[in-house]
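So the structure is just underneath, and the comments pick up after that.
Proteins come first, then strands; the chains are lettered A, B, ... in the order of their sequence lines, and each starts at number 1.
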Amino acid sequence: MEICFDPAYYLTAILSECAHQTGLGETFDPMLRAADPRFGDFQANGVLPWAKQEKRNPREVATQLLEALNAGSKLDESLVECSIAGPGFINFKLTPKFLLGWMQHYRTAEDFAKQAASFEQGRHIVVDFSAPNTAKQMHVGHIRSTVIGEAISRLLEFFGAEVVRDNHIGDWGTQFGMLIWAIKDSGYDLDAEHKDALADLEGLYKAGNAAYKSSEATADSVRNELVKLQNGDPENTRMWERITEISWVAFKDIYDRLGIRFDEVLGESFYRDKVERIYEELTELNLAEESQGALVVFHPEHKRFATQPFIVRKADGASNYATTDLATILYRYETFNADEVIYVVDARQSDHFEQLFLTTQKWFAGMNRVQPKLAHVSFGTINGEDGKAIKTKEGGSVKLKELMAEAVERSYGIVTEKNPDLPEAERREIAEAVGLGAIRYTDLSQNRSSDYIFSWEKMLSFEGNTAPYLLYAVARIYSIFRKAELAPGASEETADAFSTEEEMTLARKLLGFTTALKQARSDLRPHFLCSYLYELSGAFSSFYNANKVIVDEPEIKARRLMLCSRTLTVLETGLNLLGLKTLQRM
RNA sequence: GUGACAGUAGCUCAGUUGGAUAGAGCAGCGGUCUUCUAAACCGCAGGUCUUGGGUUCGAAUCCCAACUGUCACGCCA
């Protein structure tokens, strides 16, 4: 056996092979799992259910398997020890020699990336996320989609996929009638420089909305502005374009600070001229039917969607989001050759996506198209401490920009308190990374399917499973290398096998990186990666406190430097996948 | 009414897809800085995994039924 990148994968393969040789059959699944550290690194549980089904003694079967493993010399005892335990578990324990060899073999972020890049090589995946509405500022409600979408995109890229990040902004709809009316009514100059133009637009929209409701005459004027826009009136079209520009400038400001980028920004307006084809194809396939004046799709085989319609054209003849979403799938199929489309949208829209996916499945089948895999990455809402939708004291939405500013400001106060001697500019930089990292990590570290309760205390708490804790671990590793006057990765040649309990725990934890990444990818849940990185940081902190790195004995120093360097690589790679910037000092 | 998601320590949450004695962080108590950053580490204490059935060698995890909370369900997205 050799030192392989993913020992769990290797062990599964040879166990299956031996099972076949010993006549257990090809369907035998070793069920290799990460084991409790007390028992080893991995445990194979598969013998128990198999023996049960075949009415055999599980320990006997396990013994047979082990004999086959040893006879075939598939395992090198100096690299991995195995044993049978309990009712028939097979335990595998990697030896210090294996752990050291692994560290020597896989050294840099590039080494990891190279191993990972084969998993999704060449697949085209569209990630649809963030999707704010124009003419409104981004608020807390946009955090989750934005941050989770970016993390998933980075993860898929790391696995070798060709990712198209598409921001499906809400840039079309009836609200523009009110906004355009209000702009004209107030005489607001869209072309002039304004300090916070998007906030102005949001205020104007509210004024327009109020006016619309207050008098019938105004309502008519508002509707008239909307009709003019829809019919391509040059003045209103230009105003609408300017509104989009103003909005995008403000969005871009936030995206840049968060290190988020998009390959495409194809909003609802982009699909305006692509909906006719949808009506035609769905009608032609007899998928859509008229109901109460609207064009709708029912799914008779589905308990609820047999009667709950998927409305693709409103009774007034206009399209809606169902229509554009269908057109969007077709566009992504035809333009991006999408193998997979991932929608990072909150859970309240689950019904919509279920109907969308069901409809697409039948529609694509009917047209003989290969349907991309469709996934709704749903997430819970962010609530206030009362368990209801989050609001400011004044009852408005909490603006993302203001949230970011406060997080950074609070972080600045803490850095200044902890490390007053650092230059001001560096403290500002640290505050930016820590504050924005805290917002981001709070969200990512939580299982996305549940709602979460927003509180400043929780978001900016710098203890436990939080961004500052992880960033601090990184900063301390850099500090060791500064003190040792070495670059990370240097001076490892004389390393001998890991020996102390803390070294062993840390080394084992480092090997778990790929498992965590795979888990995060397969479930599209970044919190698996967060939990792993937190545990790794914990293992490092314990090691750091118990085992001094810069010591006189060259073997000990070298192997500990090696652990520091690998921990740094894994932490930085992982944090970067989550979108966090790391720091050399904090 | 139909459905989705959730219910785990006082609080906020994990729990590697059914495995061995359910884990963290806060909060509480007690220790550790003349030694690489104490934003840290170590220890103690804290549990009827909402309830009741069922499947299984084995259940927080799967199935059924309740209960509680949030949300969605015909022209917003």
Practice prompt. Among B:rU17, B:rG18, B:rA24, find the nucleotide with the atom closest to the side chain of A:Met31.
Written response: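 Among B:rU17, B:rG18, B:rA24, the one nearest the side chain of A:Met31 is B:rG18.
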Discussion item. I want to verify a distance call: between B:rA77, B:rC75, B:rU17, whose nearest atom is closest to the A:Asn320 side chain?
Written reply: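 Nucleotide nearest to A:Asn320's side chain: B:rA77.
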Under 4.0 Å: is that the gap between some side-chain N or O of [X] and OP1 or OP2 of [N]?
{"X": "A:His527", "N": "B:rC13", "value": "no"}
{"X": "A:Arg482", "N": "B:rC36", "value": "no"}
{"X": "A:Gln446", "N": "B:rC13", "value": "yes"}

Worksheet item: How would nucleotides 39-46 of chain B be written as a contact map, 5' to 3', with B for base contact, S for sugar-phosphate-only contact and - for no contact, using protein heavy atoms under 4.0 Å?
Response: BBSS----
Worksheet, complete the sentence: Each nucleotide of nucleotides 2-10 of chain B classed B (base within 4.0 Å of a protein heavy atom), S (only sugar-phosphate) or -, in 5' to 3' order, makes BS-SS----
Discussion item. Does A:Arg348, at its CZ atom, have more than 12 non-hydrogen atoms belonging to other residues, nucleotides or ligands within less than 6.0 Å?
Written reply: no
Worksheet item: Would you say the side chain of A:Asn45 and the base of B:rA20 hold a donor-acceptor pair, judged only by whether the two atoms sit under 3.5 Å apart?
Response: no
Discussion item. Given the structure, check if the side chain of A:Ser531 and the base of B:rG15 hold any donor-acceptor pair shorter than 3.5 Å.
Written reply: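 Check fails, no donor-acceptor contact within cut-off.
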Worksheet, complete the sentence: Those residues at least two apart in sequence (or on a different chain) that pass side-chain contact (heavy atoms from CB on, under 4.5 Å) with A:Tyr279 are A:Val275, A:Glu276, A:Leu295, A:Arg313, A:Ser319, A:Thr323
Worksheet item: What distance, rounded to whole Å, do you find between the two P atoms, one in B:rA65 and one in B:rG1?
Response: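 Pairwise P distance, B:rA65 against B:rG1, rounds to 14 Å.
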